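Everything below concerns the one structure shown next.
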Amino acid sequence: MKDILTSPFVEEMKKTTANMYRLGWDERNGGNISYMLDENQVKEYLDLDKVIRTIPTGFDATDLIGKIFIVTGTGKYFKNVESDPETNLGIIRIAKDGTTAELLWGYKDNSKFTSELPAHLMSHMARLKVDPENRVIMHTHPTHTLAMNYVHELDEKKLTHTLWEMCTECIVVFPDGVGVLPWMLCGTNEIGEATAKKMEEFRLVVWGMHGIYGAGKTMDETFGLIETIEKAAQIYMLTAHLPRINTIKDEEMVELAEFFGVNYRKDFLNI
Ligand code: 2HA
Ligand code: ZN
């Protein structure tokens with residue numbers, strides 16, 4: 001058996017959480033990541049018959065029975081994942097009843113997965129229906145995106161349109177736009193269900209005045225989506241109080257989308 005601390009998935013979790021922490025997006029215990037793993041890869045590192053303990057999830061994830069995820073722990077700080085992955089991360093498998101998680105590794109201090117597991121697993125289920133290759137769900141509190149939530153209307157079309165205007169590549173990176181939820185109580189099945197509903201349509205969902213959810217095939221793709229929104233939001237926040245002299249026009253966005261061959265939300269433009 002190989003040493004799990006050298007596995008590519010633990011490495012990726014360490015690198016990504018450290019990077020997000022350094023960007024200032026994940027203060028204290030803010031943010032959480034779940035990453036679906038390939039069973040054949042995991043069994044090089046773990047005895048899959050050895051369940052450390054079982055933990056009820058409090059919701060039904062029948063579609064994910066047998067699936068294995070590496071997930072950040074509840075109350076854990078992204079800041080600390082790199083130096084102590086076995087305490088701050090866990091590897092779980094969804095048990096045959098669909099409502100229990102079997103702990104295969106991690107949460108060494110007897111803790112458990114993030115309180116946002118409902119939003120994560122429900123989002124995985126929703127995204128897998130539209131993209132069978134989806135593997136990552138990422139939640140974080142990016143500073144400028146959050147700042148923008150306080151001064152910009154929380155409307156999917158208007159928010160997407162403003163973000164698309166802020167960087168030339170935006171419409172190419174997230175042509176499907178950004179879903180928006182109003183402020184809601186986090187850590188509940190309700191916000192999980194609402195997030196998953198949006199994930200049927202969007203790979204990015206803003207949680208009003210809280211943060212953002214991203215979904216993707218790889219850690220890089222998911223991080224890249226959120227990073228691009230955050231850059232656009234930063235430019236918005238740097239310019240929102242100044243007279244606007246120039247902008248990327250809707251016709252130019254169409255030109256971009258057509259040139260790069262992306263299927264964009266035409267109803268999010270004003271033409
Ligand atoms: O887990 O970010 O939404 C900490 C959070 C809750
Ligand atoms: Zn959060």
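Counting starts at 1 for both ligands and their atoms, following the listed order. What you see is a predicted model; the values in this text were computed from it and never measured.
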Given the side-chain rings of [X] and [Y], with only the six-membered ring counted for Trp, is the space between their centroids under 6.0 Å?
X: H210; Y: H141; answer: yes
X: Y45; Y: F9; answer: yes
X: F69; Y: H124; answer: yes
X: H144; Y: Y236; answer: no

Got a sec, which pairs hit side-chain hydrogen bond (donor to acceptor under 3.5 Å, both in side chains) with one end in residues 259-268, sequence neighbours left out? E201-R265, R265-D267
Please check if any side-chain donor atom of [X] sits under 3.5 Å from a side-chain acceptor atom of [Y], or the reverse.
X: H161; Y: D250; result: yes
X: N19; Y: T16; result: no
X: N270; Y: K157; result: yes

Atoms of protein origin (N, O or S) under 2.8 Å from the Zn ion (ligand 2): H139 NE2, H141 NE2, H210 NE2
Could you go through ligand 1 and note, for every N or O atom, any protein N or O atom closer than 3.5 angstrom, writing the atom names and distance to 0.1 Å, or 'none'?
| unit_1 | atom_1 | unit_2 | atom_2 | d |
| --- | --- | --- | --- | --- |
| ligand 1 | 1 (O) | N29 | O | 3.4 |
| ligand 1 | 1 (O) | N32 | ND2 | 2.9 |
| ligand 1 | 2 (O) | G31 | N | 2.9 |
| ligand 1 | 2 (O) | H139 | NE2 | 3.3 |
| ligand 1 | 2 (O) | H141 | NE2 | 3.0 |
| ligand 1 | 3 (O) | E116 | OE2 | 2.7 |
| ligand 1 | 3 (O) | H139 | NE2 | 3.3 |
| ligand 1 | 3 (O) | H210 | NE2 | 3.0 |

Please enumerate all residues that pass side chain to side chain donor-acceptor pair (under 3.5 Å) together with T100, with sequence neighbours excluded.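 Only D97 meet the side chain to side chain donor-acceptor pair (under 3.5 Å) criterion with T100.
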